[in-house]
There are 2 protein chains.
Amino acid sequence: MGSLTEENYIKSVYALSQATGEVYVSELAKKLDVKLPSVNSMMKRMATKKLVAYAPYKGIKLTEKGKKEALAIIRKHRLAELFLVKVMGLGWEEVHDIAEQLEHVNSSRFYERIDELLNNPKFDPHGEPIPDSNGKIHTKKRTSLIDLAEGLTATITAVTEDEKSFLDHLNAKGLQIGDVVIIKKRELFDGSITLQHKSKKEILLTHQVAERIWVEV
Amino acid sequence: MGSLTEENYIKSVYALSQATGEVYVSELAKKLDVKLPSVNSMMKRMATKKLVAYAPYKGIKLTEKGKKEALAIIRKHRLAELFLVKVMGLGWEEVHDIAEQLEHVNSSRFYERIDELLNNPKFDPHGEPIPDSNGKIHTKKRTSLIDLAEGLTATITAVTEDEKSFLDHLNAKGLQIGDVVIIKKRELFDGSITLQHKSKKEILLTHQVAERIWVEV
DNA sequence: ATAATATGTTAGATGCATCTAATATTTTAA
DNA sequence: TTAAAATATTAGATGCATCTAACATATTAT
Ligand SMILES: [Mn+2]
Ligand SMILES: [Mn+2]
Ligand SMILES: [Mn+2]
Ligand SMILES: [Mn+2]
């Protein structure tokens, strides 16, 4: 097993290379809040460990070994989040920071028990899929709130952000996973969206917020 | 907050200086499985941080600040152990190693919840007292099994060792916290002790094992 | 009291993870 | 197509945590 720092790099490489298959040094530096040479140096080390494929001035890709490690950490992160909500009674907005630490706990027994207590859960409290113990992750194409036409009815299935500030904002608006909403109005000017909520209340979301909410029509 | 390594040094200084009020470089090196110069170097760093009082060639003492930190870590360790047993259903023999990791989790929320769910517990699964959130620890004089005369009846209140191998041994003998035992025989030759157990079975313990078991008469 | 042994410290090196400053490459714009 | 801007790499330094080898002090045994 690698160090805590290495595990965090692997997670970031995984997350940022999801879309295009590769990630750039500068993107990693920004995400991890370190300078470029730190990333450069770590990528060299991780390349010798066969965790990433990396050639100077080229994009960084995870190897199969790297991908497996990434998914193992993500599994632990998401199991931890769900455990904190379901078993320990914490709010979905306060579990991410704790899971950032628990994901580095090295104990198969600990995570086996969490998995059992939660009955092999498939989704974390933010609607993100939990990879299984073999690293298989169930990714289906998702639709964002901003891609829905006016008048449509949809169910919120996930949010792509689990930072406290964002979730506090959704809590204040009264939105949760599983809520059914109707698209009332899409503003052309600023991309904001007005929803009709089951609670009869109308909810206004900025584009920035709406694009982070995934739905099923 | 200090590093994980520093936290482990603080814990060891606390544990090993319990009896006499101070601990020697060589004892720490042995306990932490590092060489003498590593300890020496760390003690200097910790002294500049006012965590220990340390003069060359003299015993090492924790400062009040250091003691407070030590007790905070011990509190987290013991709360974690009890949580793993009571809430997560793990055995008392398998929780120590996991708690060694969980004790470094930095989240007051996490430990507040554990404390609540367990109703402000006073003892961990091995009978050790849990310091309160102000660092107050309830230490009473304890009697070891080896100090009891033949014929006496006593209740097991704690064990001073929470390594898996030791607890596996006690499990095999069928001994638990709370069990009532009668001292049947004390062997002069090797210090071993024969107990009469509630289960009617006779249990033979070596001196090495018996001295780690605390009782109340 | 001196020698032998045990214990502790200093000096100097290593790997990890980071930084700044200098340099190189790639991309974009004039 | 050259110059400017953006990105990336290298060189060299720092702090943490560790080590080995050499030296110093304290304890104990003769
Ligand atoms: Mn998260
Ligand atoms: Mn999540
Ligand atoms: Mn323990
Ligand atoms: Mn314990």
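Letters A, B, ... mirror the listed sequences (proteins, then strands); counts begin at 1.
Straight-line distance from the NZ atom of B/Lys35 to the P atom of C/dT9: 17 Å, rounded to whole Å. Distance B/Glu6 CD to D/dT18 P: 11 Å, rounded to the nearest Å. When the P atom of D/dA8 is taken as reference, atom CD1 of A/Ile60 falls 8 Å away, rounded to whole Å. Straight-line distance from the CD atom of A/Glu27 to the C1' atom of D/dA8: 13 Å, rounded to whole Å. Between the C1' atom of C/dT9 and the OH atom of B/Tyr24 lies a distance of 16 Å, rounded to the nearest Å. We find that NZ of A/Lys30 is positioned 13 Å from P of D/dA8, with the value rounded to whole Å. One atom, NZ of B/Lys58, and another, C1' of D/dA26, lie 10 Å apart when rounded to the nearest Å. For A/Met46 and C/dA17, the CE to P distance is 10 Å, given to the nearest whole Å.
Residues B/Ile114 and A/Met88 form a side-chain contact, since some pair of their non-hydrogen atoms from C-beta on lies under 4.5 Å apart.
In A/Asp33, the CG atom is not crowded: 12 or fewer heavy atoms of neighbouring residues, nucleotides or ligands sit closer than 6.0 Å.
Between B/Tyr9 and D/dT18 there is a side-chain polar atom (N or O) within less than 4.0 angstrom of OP1 or OP2. For A/Thr5, no side-chain nitrogen or oxygen approaches OP1 or OP2 of C/dC16 to under 4.0 Å. Residue B/Asn40 places none of its side-chain N or O atoms closer than 4.0 Å to OP1 or OP2 of C/dG8. Residue B/Tyr54 places no side-chain N or O under 4.0 Å from the OP1 or OP2 atom of C/dG8. Side-chain N/O atoms of B/Lys44 include one lying less than 4.0 angstrom from OP1 or OP2 on C/dT10. A sub-4.0 Å separation between OP1 or OP2 of D/dC19 and a side-chain N or O of B/Ser38 is present.
Aromatic ring orientation, B/His126 versus B/Trp92: parallel (interplanar angle below 30°, classes split at 30° and 60°).
Picking from C/dG8, D/dT9, C/dT18 the nucleotide with the shortest atom distance to the side chain of B/Leu36 gives C/dG8. Here D/dT9 is the nucleotide among C/dT9, C/dA17, D/dT9 with the atom lying nearest to any side-chain atom of A/Pro37. Among the nucleotides D/dA17, C/dT9, C/dG8, the one closest to the side chain of B/Pro56 is C/dT9.
When the options B/Glu100, B/Glu94, B/Glu93 are evaluated for a side chain to side chain donor-acceptor pair (under 3.5 Å) with B/His96, the one that passes is B/Glu100. Screening A/Glu103, A/His104, A/Gln101 for a side chain to side chain contact (heavy atoms under 4.5 Å, CB included) involving A/Leu4 leaves a single residue, A/His104.
At a threshold of 4.0 angstrom between heavy atoms, the contacts of A/Ser41 include nucleobase atoms, whether or not backbone atoms are also involved.
Two residues, A/Lys49 and B/Tyr57, neighbour DNA chain C, and the one matched to the more 5' nucleotide by heavy-atom proximity is B/Tyr57. Closest-nucleotide positions on DNA chain C for B/Ser26 and A/Met42 were compared, and the one nearer the 5' end corresponds to B/Ser26.
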